[in-house]
Amino acid sequence: MVGNLSPIDTAKFVAAKRAVDMVEDRMRVGLGTGSTAAWMVRALGERVREEGLSIKGVPTSTRTAELAAKVGIPVISLDEARWLDLTIDGADEFDADLNLIKGGGGALLQEKIVATASDTMVVITDPSKRVEHLGAFPLPVEVVPFGWQTTKALIEEAIDAMDVLNATGTLRMNREAPFVTDEGNHIIDLHLASIGDPRKLALVLNQIPGVVENGLFIDICDRVIIGHQDGRVEIIDINDGTTAEERIEFADDDNIFADL
Ligand code: 5RP
């Protein structure tokens with residue numbers, strides 16, 4: 001474990017640390033959202049502060065933009081960057097093809113746009129996110145607020161005819177009110193249990209009027225880095241068809257807590 005980090009945070013931290021080693025001077029880097037991505041932003045900030053690494057970061061949420069600014073990463077918009085060298089983000093599930101479910105943190109729309117606009121997308125994760133079949137994690141679907149109940153009914157009707165074990169959706173809430181994304185939309189979480197054909201489901205969902213985007217990331221991720229609590233990392237590369245194992249060395253006084 002690193003300092004006072006819990007085993008799960010240690011796993012997230014070593015995955016993040018390994019991914020940040022892939023960042024080179026002058027890169028434009030997509031900065032993901034979530035607790036694992038937050039470790040990456042902190043570790044990248046440390047490289048900027050201590051090594052003088054010169055990069056531009058494109059955040060995928062307001063939360064990540066605030067954290068990046070706090071730890072010293074220069075931030076630009078995607079419109080300024082246009083195209084990115086690398087995006088590093090977390091995921092809620094990944095399968096053997098490195099297809100993903102994302103959006104547990106509500107940032108799937110910006111995350112998908114940024115990842116798609118990147119030469120390479122690297123997912124950082126702890127071992128719990130690896131699954132045989134996607135779908136145990138509720139699939140987030142971002143919908144416009146106008147007529148969301150009709151959109152939800154259309155989604156349920158469409159997925160009922162597909163190879164899923166269940167077909168119910170719930171509106172994501174933030175206490176008493178519907179959750180609102182950075183783009184001003186709502187999220188319907190689909191409780192499917194298992195998704196037989198993720199590629200088809202992703203296409204069907206995006207055909208429904210009112211749906212902005214879904215949390216299935218198909219053929220977008222290039223590498224997954226799985227961190228373990230003992231400091232090991234597995235690196236799966238879908239393009240090379242390789243899996244490597246390494247050990248991350250870190251000092252207990254790693255100065256990654258600048259924002260805490
Ligand atoms: C946010 C996401 C996150 O990457 C995903 O939810 C994983 O988060 P965490 O690293 O906190 O488990 O997709 O929209």
Side-chain angles (χ1 to χ4, degrees), residues 16 19-20 22-49 52-92 98-124 140-146 148 151 172 179-187 202-203 205-223 259:
V20 161
M22 295 172 179
V23 179
E24 295 169 15
D25 229 21
R26 311 246 294 260
M27 274 190 171
R28 292 152 300 172
V29 184
L31 307 173
T33 295
S35 58
T36 319
W39 284 115
M40 176 273 297
V41 174
R42 292 183 187 109
L44 191 54
E46 186 184 39
R47 285 196 62 195
V48 169
R49 294 192 308 275
L53 184 74
S54 172
I55 56 156
K56 303 280 187 223
V58 174
T60 53
S61 64
T62 310
R63 261 174 296 159
T64 297
E66 286 169 1
L67 179 57
K70 229 174 189 173
V71 300
I73 300 174
V75 163
I76 58 172
S77 70
L78 183 58
D79 285 330
E80 287 169 289
R82 298 294 278 275
W83 196 259
L84 306 178
D85 300 285
L86 173 67
T87 282
I88 306 171
D89 201 348
D92 299 301
L98 305 196
N99 291 326
L100 319 170
I101 287 185
K102 284 187 51 57
L108 69 99
L109 179 56
Q110 291 189 19
E111 289 173 337
K112 204 182 243 189
I113 295 171
V114 167
T116 304
S118 304
D119 285 340
T120 304
M121 184 208 192
V122 173
V123 159
I124 48 176
V141 181
E142 185 153 343
V143 300
V144 295
F146 177 82
W148 71 264
T151 306
R172 192 178 297 184
F179 176 83
V180 178
T181 69
D182 274 351
E183 302 302 318
N185 297 315
H186 295 329
I187 288 188
L203 290 173
L205 287 170
N206 281 14
Q207 297 294 317
I208 298 169
V211 170
V212 181
E213 193 47 85
N214 68 81
L216 284 164
F217 283 46
I218 309 292
D219 297 337
I220 294 177
C221 174
D222 297 285
R223 264 176 238 161
D259 66 300

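The two residues Ile73 and Leu31 have their closest heavy-atom pair at CG2-CD1, 4.4 Å. Closest non-hydrogen pair, Thr181 versus Glu142, comes out as OG1-OE2, 2.9 Å. Of all heavy-atom pairs spanning Ile187 and Gly106, the tightest one is CD1-CA, 3.6 Å. In terms of heavy-atom proximity, Val48 sits nearest to Gly72 at CG1-O, 3.3 Å. Across every non-hydrogen atom of Met22 and Leu86, the tightest pair is O-CD2, 4.1 Å. Residues Ala81 and Val58 share a closest heavy-atom pair of CB-CG2, 3.8 Å.
Taking a cutoff of 4.0 Å between a charged side-chain nitrogen and a carboxylate oxygen, Arg28 and Asp85 qualify as a salt bridge.
Looking only at side-chain heavy atoms (C-beta outward), Leu216 and Ile101 come within less than 4.5 Å of each other. For the pair Glu183/Val212, no side-chain contact is recorded, criterion being any heavy-atom separation below 4.5 Å from C-beta on. Using a 4.5 Å cut-off on side-chain heavy atoms (C-beta onward), Val123 and Leu98 make no contact. By the 4.5 Å heavy-atom criterion applied to side chains, Lys112 and Phe217 are counted as neighbours. Taking the side chain as every heavy atom from C-beta outward, Asp119 and Leu84 never approach each other to under 4.5 Å.
The distance from atom CZ of Arg26 to atom NZ of Lys56, rounded to the nearest 0.5 Å, is 11.0 Å.
Among Val23, Val20, Val122, the one residue that satisfies the side-chain contact (heavy atoms from CB on, under 4.5 Å) test with Met40 is Val20.
Using modelled atom types and a 3.5 Å distance limit, the side chains of Asn185 and Trp148 yield no donor-acceptor pair. Using modelled atom types, one finds no donor on one side chain facing an acceptor on the other under 3.5 Å when comparing Asp182 with Ser61.
Using modelled atom types, one side-chain atom of Ser77 and one backbone atom of Glu80 make a donor-acceptor pair closer than 3.5 Å.
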